[in-house]
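For reference, the structure discussed in these notes is given below.
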There are 2 protein chains.
Amino acid sequence: MNAPTTELSPIEDRTLRAQVRRQILDRVLGGHFKPGERLVETALSSQLRVSRAPLREALRELVDQGILVSEPYKGFRVRPVSERDLKELFSMRTALEKFAFALAWPLRTPQGFAELDKRHDDLMSIRATGDQAKAIECEIAFHAWVYETTDHRLLMDHWARLSHLVRIYMSLHHNLHGSHGEFGEMTTRYRDLCNGGSLDAMLLHIDEHMTQGFDSVVKALK
Amino acid sequence: MNAPTTELSPIEDRTLRAQVRRQILDRVLGGHFKPGERLVETALSSQLRVSRAPLREALRELVDQGILVSEPYKGFRVRPVSERDLKELFSMRTALEKFAFALAWPLRTPQGFAELDKRHDDLMSIRATGDQAKAIECEIAFHAWVYETTDHRLLMDHWARLSHLVRIYMSLHHNLHGSHGEFGEMTTRYRDLCNGGSLDAMLLHIDEHMTQGFDSVVKALK
DNA sequence: TGCGATTTGTCCGTATGTATT
DNA sequence: TAATACATACGGACAAATCGC
């Protein structure tokens, strides 16, 4: 019954809460709500034409996804970003993704490779169009491949949490610095190594990939 | 201004929502709410003498902690447990804890060792008393040491999520099988290796430690 | 320091949509 | 298919805490 999707296809958010959550997330990733900015419930409530109950629940879910932060009686704010946070995000991604590859390596299949190829091509072509929001989703989907291959639900949960932060930084990077299509070869090399015979080479490449990504974002933020 | 506490000392939950969350968590860990059991909002609302708004927010937070699951229009249930979930939990813990030790290794200090000793002794003495709830918290605190030593907030967040699931399985293990004081030597060896000179020996021990823990819980569940 | 305005936290009654039997 | 139980959502109200002057 469930499509084998990641959370890419909303299809339809059944509850108002889910719709609100998506709208706020879009505003954050789109740069309308900037890091550190205060979100006032009554204002949001009237803007989005929803009552405070589902709004507050949506906000709490975004807190648990790491998009927002909250303190009792002080309300919600967009998560502030720092170089330290970014550093932690990349080191965490590196550790999780290495773990994922170690698990996924013997589980790779021809169908899996075909799917990875598809996501690779989608990513490359959407990058060319300059549609930032879609490019981010494609980038996430591309990297999600290895996690899905592990068939490890808990690991996928933790990746999902990380991916939200990745989205924030990618959108920030783009909003500040413009597109970053300069990683084309890196992406293709990543795909080829996934399809190759050496796990060690793959793990080594992840370190490089992450380090380069980190440097690039840091440079853009400064 | 903040005390250097983990989440061990509630001190006082300022919001009703936080108090409700704790009460429900206690009921789950205490075995009053069993895995898979349905939680009806109106019933809980009147039992706990709170309105449904903060109750629902508390329930959502527990969902995000992995304690409960929910589906639109079908309500909340205590997270069902399976051998697969347990296996994933232990493999995830192994991966994260190895990563934590690699980071923490050069950051260890004499004060840190003193703190670890304290937690070790607390754990051993509380195990002797048979107070299950406190023993679980001490066990969690003992293992939290390495994560705190890393000074890596994002990693600590992910450990916090895992720790909630660990609590569930430990309480389940106890409720079904009785206390498990048979791990005394293992715990002491873990502490000694933390204090020792070989990171590799530590990492190897983590594998053994987790494998034994997994086998023990699986045996109790069957 | 205090005081008023703003905002969050909580409660209640009601109405509607969904799942289940 | 109908009936019931329940989750979802609304709007108004007030208390409690924070914020700004």
Side-chain angles (χ1 to χ4, degrees), chain A residues 1-3 10-25 27-28 32-65 67-80, chain B residues 1-3 7 10-25 27-28 32-80:
Chain A
M1 180 176 284
N2 272 328
I11 298 178
E12 187 180 20
D13 292 323
R14 299 189 56 210
T15 63
L16 189 55
R17 174 183 69 257
Q19 298 170 32
V20 167
R21 189 182 57 214
R22 172 157 293 278
Q23 290 196 47
I24 297 174
L25 179 58
R27 281 172 163 75
V28 171
H32 293 92
F33 292 153
K34 300 191 191 318
E37 181 173 345
R38 175 92 177 276
L39 299 185
V40 178
E41 293 178 14
T42 50
L44 264 180
S45 169
S46 58
Q47 280 178 32
L48 301 177
R49 310 294 181 87
V50 297
S51 65
R52 285 176 60 206
L55 170 64
R56 283 171 58 89
E57 292 188 30
L59 290 169
R60 296 231 169 277
E61 291 179 335
L62 290 168
V63 168
D64 293 305
Q65 291 180 355
I67 309 293
L68 306 179
V69 296
S70 82
E71 282 182 272
Y73 296 100
K74 295 174 80 172
F76 298 86
R77 297 193 341 272
V78 179
R79 184 195 194 92
Chain B
M1 179 175 283
N2 274 328
E7 62 223 79
I11 298 178
E12 185 179 19
D13 292 321
R14 300 192 53 213
T15 62
L16 191 54
R17 173 182 70 255
Q19 298 170 31
V20 168
R21 189 181 58 213
R22 171 156 294 279
Q23 290 194 47
I24 297 174
L25 178 58
R27 279 171 161 77
V28 172
H32 291 91
F33 292 151
K34 301 192 191 316
E37 181 173 345
R38 175 89 179 280
L39 300 184
V40 177
E41 293 179 15
T42 50
L44 263 181
S45 169
S46 57
Q47 280 177 31
L48 301 177
R49 309 296 182 85
V50 298
S51 66
R52 294 177 52 200
L55 170 64
R56 283 173 58 88
E57 292 188 27
L59 290 170
R60 295 234 170 275
E61 291 179 334
L62 289 168
V63 168
D64 292 305
Q65 290 179 356
I67 308 294
L68 307 178
V69 295
S70 83
E71 283 181 271
Y73 297 102
K74 294 174 77 171
F76 299 87
R77 297 191 342 271
V78 179
R79 183 195 193 92

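In this text the structure is predicted, and so the values were computed from the model without any measurement. The chains referred to below are lettered A, B, ... by the order of the sequence lines, with proteins before strands, and numbering in each begins at 1. We use all heavy atoms of the structure for the numbers below, so side chains are in, but hydrogens, waters and symmetry mates are not.
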Detail all sub-3.5 Å separations between protein N/O atoms and N/O atoms belonging to nucleotides 10-12 of chain D.
unit_1: D/dC10; atom_1: OP2; unit_2: A/Ser51; atom_2: N; d: 3.0
unit_1: D/dC10; atom_1: OP2; unit_2: A/Ser51; atom_2: OG; d: 2.7

*List in numerical order all residues of residues 60-71 of chain B for which some heavy atom is under 4.0 Å away from an atom belonging to DNA chain D.*
B/Arg60
Measure all distances between protein nitrogen or oxygen atoms and nitrogen or oxygen atoms of nucleotides 18-21 of chain C, and list the pairs falling under 3.5 Å.
unit_1: C/dT18; atom_1: O3'; unit_2: A/Arg14; atom_2: NH2; d: 3.0
unit_1: C/dA19; atom_1: OP1; unit_2: A/Arg14; atom_2: NH2; d: 3.2

Classify the nucleic acid contact of [X] as base, sugar-phosphate or nothing, counting any heavy atom under 4.0 Å across all strands shown.
| X | result |
| --- | --- |
| B/Leu59 | nothing |
| A/Leu44 | nothing |
| A/Glu41 | sugar-phosphate |

*asked:* Report for the helix from C/dG2-D/dC21 to C/dT21-D/dA2: angle between first-end and last-end helix axes, five pairs each, rounded to 10 degrees.
replied: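 Answer rounded to 10°: the end axes differ by 30°.
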Kindly list each side-chain donor-acceptor pair under 3.5 angstrom involving residues 55-76 of chain B, sequence neighbours excluded, with atom names and distances?
unit_1: B/Arg56; atom_1: NE; unit_2: A/Glu57; atom_2: OE2; d: 2.8
unit_1: B/Arg56; atom_1: NH1; unit_2: B/Glu41; atom_2: OE1; d: 3.4
unit_1: B/Arg56; atom_1: NH1; unit_2: B/Glu41; atom_2: OE2; d: 2.7
unit_1: B/Arg56; atom_1: NH2; unit_2: A/Glu57; atom_2: OE1; d: 3.2
unit_1: B/Arg56; atom_1: NH2; unit_2: A/Glu57; atom_2: OE2; d: 3.4
unit_1: B/Glu57; atom_1: OE1; unit_2: A/Arg56; atom_2: NH2; d: 3.3
unit_1: B/Glu57; atom_1: OE1; unit_2: A/Arg60; atom_2: NE; d: 2.6
unit_1: B/Glu57; atom_1: OE2; unit_2: A/Arg56; atom_2: NE; d: 2.8
unit_1: B/Glu57; atom_1: OE2; unit_2: A/Arg56; atom_2: NH2; d: 3.4
unit_1: B/Arg60; atom_1: NE; unit_2: A/Glu57; atom_2: OE1; d: 2.7
unit_1: B/Glu61; atom_1: OE1; unit_2: B/Arg21; atom_2: NH1; d: 2.6
unit_1: B/Glu61; atom_1: OE2; unit_2: B/Arg17; atom_2: NE; d: 3.3

Can you tell me how far [atom2] of [N] sits from [atom1] of [X], to the nearest Å?
| X | N | atom1 | atom2 | result |
| --- | --- | --- | --- | --- |
| B/Arg21 | C/dG9 | CZ | C1' | 14 Å |
| B/Glu57 | C/dT8 | CD | P | 12 Å |
| A/Gln19 | C/dG17 | CD | P | 14 Å |

_Per A/Thr15 side chain, nearest of listed nucleotides D/dA7, C/dT8, D/dA9_ =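 Nearest to the side-chain atoms of A/Thr15, counting from C-beta on, is D/dA9.
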*Do the side-chain N or O atoms of B/Arg38 get closer than 4.0 angstrom to the phosphate oxygens (OP1, OP2) of D/dA7?*
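For B/Arg38, the contact criterion (side-chain N or O under 4.0 Å from OP1 or OP2 of D/dA7) is met.
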_Under 3.5 Å: donor-acceptor pair, side chain of A/Glu37, backbone of A/Val78_ = no
